[in-house]
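Have a look at the structure below, then the notes.
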Amino acid sequence: MLEIASAFEAGASGAATVRARSDAVDALVASLWTEACAAEPQLVCNIALVGIGGYGRRELFPYSDVDLMFLVEPKLPAKVFEASVKPAIRRMSQSLWDCGLRLSPQTRKLTECERFDPENTEFALALLDQRPLGGDAALHERLHSQALAKMFDRDRDAILRRLVELTLARHAKYGDTLFHLEPNVKECPGGLRDVHVCGWIARLLSGSREGGIGIAASSESIFEAGTNGQEFQEAVAFLQLLRCFLHLRHERDDNTLDWQAQDAAAAAAVGLNRRGLPSPDAAYWMRLYFRNARVVERNTVQMLDAAPSPKPPSRLLKLVEMKNKVSSGKRKKTGREGFRVVRGSLIFEADEPASDANSTPGRSDPANDPDTVLRMFGAMAESGFRLGIEAEQRLSLALPLLSADLEEGPALWRHMETILTGHFAGGALRSMHALGILELLIPEFHGIDALVIRDAYHRYTVDEHTFVLIDSLHELETQPAPTQPSPPTSAAHHPMSEWSSRFGQLLRDLQQPGLLYLVALLHDTGKGRSNGDHAQESVRMAQNVLSRLELDGYESNLVLRLIGGHLEMSAALRRDIFDTDTVRGFAAKVQTPEALRMLTLFTYADIQAVHPDALTPWKAENLWRLYLATSNYLERNLDEERVGTGREREQILRVTAMIPKRRHEVEQFLEGLPARYLSTRTPEQVRAHFELSARFAEDPVQLDFTYSPSVNEITLVTPDRPLLFANMAGALAAWGMNIITADAFSNRQGVVVDSFRFTDAFRTLEMNVSERERFVQSVHDVVTGAVPVETLLHGRRRGKRKPPMMVVAPRIDFDDHASSHSTLLQVVAQDTPGLLRALSLTLAAHECNVDVALVDTEGETAIDVFYITRNQAKLGPTEQDQLRQALFGAIEDRGR
C-alpha cells in the first residue's frame, strides 16, 4: 500500500492506482492459494478462484473491499467439502484478513450462479465483472460458458429492469440531483456507481451467448460505455483519481467529499494541471467535480432510457398520465415543427438538403434554428419528455449558429415564459443548462454554474437550488384546493399537505405567474459576482436581462423589486409577526397584494429548496400568518385596536362563554396581557391557562405540556419572579431540546404565561413515554428551585462537543424602530447547547424584561430575536452598548 500511495502522490493516475492495487492483491491471493493447495489437494480440481465486482474489473481502490468467490464443483461430495475444503477456504480467508484486506468472500456452487435472484441483483451484477484468479480452470470455463451464459440469456430483461429500479431508487435517495454541497463521489448521481451502471447496461443490451456475457470488464470497456466519447472518459478518469485521493486521505473506504476534503483536493489541484500556478480555491475546484459528474449523469440517464422500463412507481403514475396527455395532443403537431416524440424522447427531424448552391450548409438543420430549439424545450417543459441522445449531440454542435441567430425582445420572452411555466420546467432548464443553451439566453446565469456556497444549512449548489425552487413552485400547481376533498393517498396525510394546498391556491390566483418564475430564475445570479449584498447584485444583473426581453415598465419594476427584496419575508419571519409594526414595515416593502402573493410563494419555495427538511409545518404556518396579516393590512382591514378587557372583544366573549360563571375572574386574568396573547392563542388555550392560574393555592408553579412527534409545547403559568425565562430555557437545554420559538407574557397582577415550543432531536419523549412525566417534573423542580438548573446542565456538558463544521461569527444588533414599545435585539451566533439560557441570564442580569423571544436555527447558526424593555421602556444607547458587550462575553463563554 505504501508503494501505491507513493506512486499516487508522485502523479500516478486513478486508473493506474486501482490497477496497481488489484495486481498486488492478485499476487497475494495467488501465493496464499498455492500454499492452500499444497496443504489440501482437494482444492486443486474442485475449486475455482474468481474475482467479482470491482476486483473482477481489476478496479480496486486503495481501501475498497476485495470480492472473492470460491466456486465449488457441484459434484464434490458434501462430506469432503465439510471435512477438508471448507476449513481450507476458511484458513485462506483468515490469512487475507490477517494481511489487512477487507475481504468479502463468497462460496458458491456452480448451480447457484445460474439462477437470478431479484432480491440479490447485486450478485448477478457482480458476476458480470468476474475473472479467473486460479484453481480449477475447467470449472471456471463452465461458469463462463454455461452457467452465466444461461442466466444472462434467460434473465437479461429482468436483470436490466432491476438494475434500472435500483439506480432510480439510489438517485432518489440523493434527491435526484448530483449538486450536493458534500457529495458522495461513488453513490451520488454522476458518481462512479453510475459509471458501472453505464457499463452494465451497455453489456446487457449488446451481449449474447456468443458475445460472451460474463467476460470480465476492464476500465477501457467502461469508458466505451459512455455515449459522449472523450468527455466521458475524462470524467471517469477524474472520478477515479478523486476516489483514490479520498481513500488515501481518509485511510478508509470513505467516499464523502466533505468540506475539509474539498479544501485538501483544491490545495493539491486534484485533476488539474497547474504546474507553477497557485492552487485554486475550493469553490472553483468543486466546479470541476460537478462538471465531470454532470457528464456521467447525462450518460447514465441516456443509458437508463435505452433499458427496458420498470413498472413506474405509483407516485409517478400521475406524471406519466400528464406526459401521455400532452403527448397525444402534440404528437402530430410537433411532427411538422422540426421535432417529434419517439419512444418518450424528443428528437429533431432530419436535416433537409440545401435548396440551392448559395445556401449555407447546416442552416436547414432544425437543430440550428433558435425558434425550433426553444419550441422544443417548451414542449419538453410541458410534457416532461427528455431529449434524445442524437438531439443532444446535434444541439452541442449547433451552439455557434444558435448564438449568431438568436432573437431577443418579446419573441424571446414568449419562449422563456412557455418554458418557465411548463410543469416540468425544472427538467427542461437543467437540460438547457447542461448543454450551454440557458447561458446562451441568459449569460448572467453562468456565474452560478455549479457554484458552491459554504453554508451548512444549504444542501445544493446555487444553480441547482434555483431549479429545485422552480420545481417546488410547480409542485404546488397539482395540489387540490383547500375546499376540495383530498384523494385517499398517503400524500393527503403528509404534515405539509394542508399548507401546500393553501399555497397552491395562492399560486393559481396569480395574474402573471411567468414573472414569478422569472424572479426565481434570476434571484441568485448575483452570488456569482458579489461578496456582499447578492440581492442587489442580482437586481443589477437582472436589469440587463429584462432590457433584452423588453418587458414593460410595470413588469420590470415588479420583477426587480421582488429580486431585490427576496429575503425580506424570511427576515420578517424572524420578527414578531403579530406585532403591528412588523406587519406595517413589511407591507411598506411589498406595496401591492400581487407582489405579496408572489413573495409569499417565492419564500415558501425558497425555504423548501434550501434543504429537504427546511420547510416545516411550523414555518409554513408562520409564513401563512404573515401573509394573511400583511394582506389584511394592505386591504385596509387590519385591526389596529389593542385588546382591553373593558371592551367586548369577540375573543374574550368566546373564552368567557365556555365558563360563564367565572366571567369576572377571566377578565381579571386577561387584564394587562398584551393583545398579541389573545391573537395567538385559541379560546381553549386561554381557558386552560386561566384554570392553571386558579390553582396557585395548590401549587404556584403550573405547567401545561403538550406532546407531539413534530413540535412539543410547554407553558408555564406562575407568579412572576427573577430568572424564570432563563431557568426554563436551561431546563429544556439540559434535556437536549431544541427550542424553536418562545414567548413571555405577564398580566397586571404579575402572573406570567411563558410558552416554549421545541423539538426533541434525540426522540427521548417519543421513544420513552414514561420520560414525559419525568421531564415535566424536572422542569417544575427547576422553576421552584428544588433542583438548580446548573445540576442538570452539568450532566449534559460532560459529553464531548463535536467541533463545528463551520465557524459562525457572532453578531448583535439593536433596532429601536421595529416595535413601538420594545427594543428589538437580534443575536446571531454559533448554535451551542445552552446558548439561549446564557443569553437569557445576561438579559436578566441587566434587568431586561423579555416580552417576546423568537428562536431559530439554520444549520450551525442560531438566530435569536428578543423584544426587550427595561423599566417598561426601550433601552437607551448606553444601555445597549453595555448589554452588547455582556452578550458577546456570554457567547464567548459558551463557545469554549
Side-chain angles (χ1 to χ4, degrees), residues 469 473 503 506-507 509-513 515-527 530 532-543 546 551 553-607 610 619-640 676 811 813-826 828 852 854 856 858 863 865 867:
L469 195 162
L473 285 172
F503 287 97
L506 201 61
L507 182 65
D509 291 340
L510 290 183
Q511 298 172 4
Q512 292 178 284
L515 297 181
L516 172 61
Y517 288 107
L518 184 60
V519 170
L521 184 66
L522 302 176
H523 79 284
D524 269 349
T525 51
K527 285 185 175 178
S530 173
D533 187 348
H534 81 272
Q536 291 309 309
E537 182 65 18
S538 296
V539 168
R540 191 187 66 76
M541 300 175 78
Q543 287 173 335
L546 299 177
L551 297 186
Y554 167 78
E555 294 171 337
S556 295
N557 184 48
L558 178 58
V559 170
L560 293 176
R561 278 199 294 116
L562 289 172
I563 292 175
H566 73 263
L567 298 174
E568 292 290 352
M569 201 162 190
S570 295
L573 288 172
R574 297 193 183 109
R575 304 290 184 263
D576 181 5
I577 59 175
F578 301 99
D579 186 283
T580 304
D581 291 335
T582 299
V583 175
R584 184 186 297 115
F586 178 59
K589 293 176 179 175
V590 293
Q591 299 183 12
T592 67
E594 180 72 355
L596 173 63
R597 283 191 285 271
M598 286 190 176
L599 187 56
T600 302
L601 289 163
F602 174 89
T603 306
Y604 176 94
D606 192 35
I607 296 173
V610 166
K619 286 187 177 179
E621 180 180 355
N622 281 342
L623 183 61
W624 186 255
R625 285 182 172 180
L626 179 57
Y627 161 73
L628 286 182
T630 311
S631 178
N632 288 336
Y633 183 88
L634 291 172
E635 298 292 342
R636 304 296 180 190
N637 291 325
L638 185 65
D639 183 2
E640 293 278 357
R676 195 173 57 80
R811 195 177 77 240
D813 299 308
F814 290 94
D815 187 341
D816 284 329
H817 305 292
S819 171
S820 59
H821 51 81
S822 306
T823 296
L824 184 148
L825 163 65
Q826 176 170 286
V828 178
V852 180
L854 302 171
D856 198 4
E858 294 185 351
I863 306 170
V865 175
Y867 286 75

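None of these values were measured; they are calculated from a predicted model.
With contacts defined as side-chain heavy-atom distances shorter than 4.5 Å, the pair Leu518/Leu551 qualifies. Looking at heavy atoms from C-beta onward, Leu567 lies in side-chain contact with His534 at the 4.5 angstrom threshold. A heavy-atom distance below 4.5 Å is found between the side chains of Asp606 and His523. Residues Arg540 and Gln536 have side chains not in contact (no heavy-atom distance under 4.5 Å, counting atoms from C-beta outward). Side chains of Asp581 and Arg575 form no contact here, defined as non-hydrogen atoms less than 4.5 Å apart. Here the side chains of Leu626 and Phe586 are in contact, with some heavy-atom distance below 4.5 Å. Side-chain contact between Leu599 and Val519 is absent, with no heavy atoms from C-beta onward closer than 4.5 Å. Leu510 is listed as a side-chain neighbour of Leu601, based on a closest heavy-atom distance under 4.5 Å.
The line from OG1 of Thr630 to NZ of Lys589 is 11.5 Å long, rounded to the nearest 0.5 Å. Between His566 atom NE2 and Thr603 atom OG1 the span is 9.0 Å, to the nearest 0.5 Å. Distance CZ/Arg597 to OG/Ser631: 7.5 Å, rounded to 0.5 Å. For the atom pair CE (Met598) and CG (Leu507), the distance works out to 9.5 Å, reported to the nearest 0.5 Å. Between the CG atom in Asp576 and the CG atom in Asp579 there is a gap of 5.0 Å [rounded to 0.5 Å]. Note that CG of Asn557 and CG of Leu562 are 9.5 Å apart. Values are rounded to the nearest 0.5 Å.
Of all heavy-atom pairs spanning Leu560 and Ala542, the tightest one is CD2-CB, 3.9 Å. The minimum heavy-atom distance linking Leu558 with Ala595 is given by the pair CD1-CB, 3.8 Å. Nearest heavy atoms, Tyr867 versus Ser822: CB-CB, 3.9 Å. Across all their heavy atoms, Met541 and Thr525 have their closest contact at SD-O, 3.6 Å. When all heavy atoms of Gln512 and Glu555 are compared, the pair lying nearest together is NE2-OE2, 2.7 Å. The two residues Gly526 and Ser538 have their closest heavy-atom pair at N-OG, 2.7 Å.
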Audit row: Leu623, Lys619, side chain to side chain contact (heavy atoms under 4.5 Å, CB included) steps and yes/no = CA-CA 6 Å; Leu623 183 61; Lys619 286 187 177 179; over 6 Å; no
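A distance-only check finds a donor-acceptor pair linking the side chain of Arg561 to the backbone of Val590 [under 3.5 Å].
Just one residue in the list Phe503, Tyr627, Trp624 forms a side-chain contact (heavy atoms from CB on, under 4.5 Å) with Tyr604, and that residue is Phe503.
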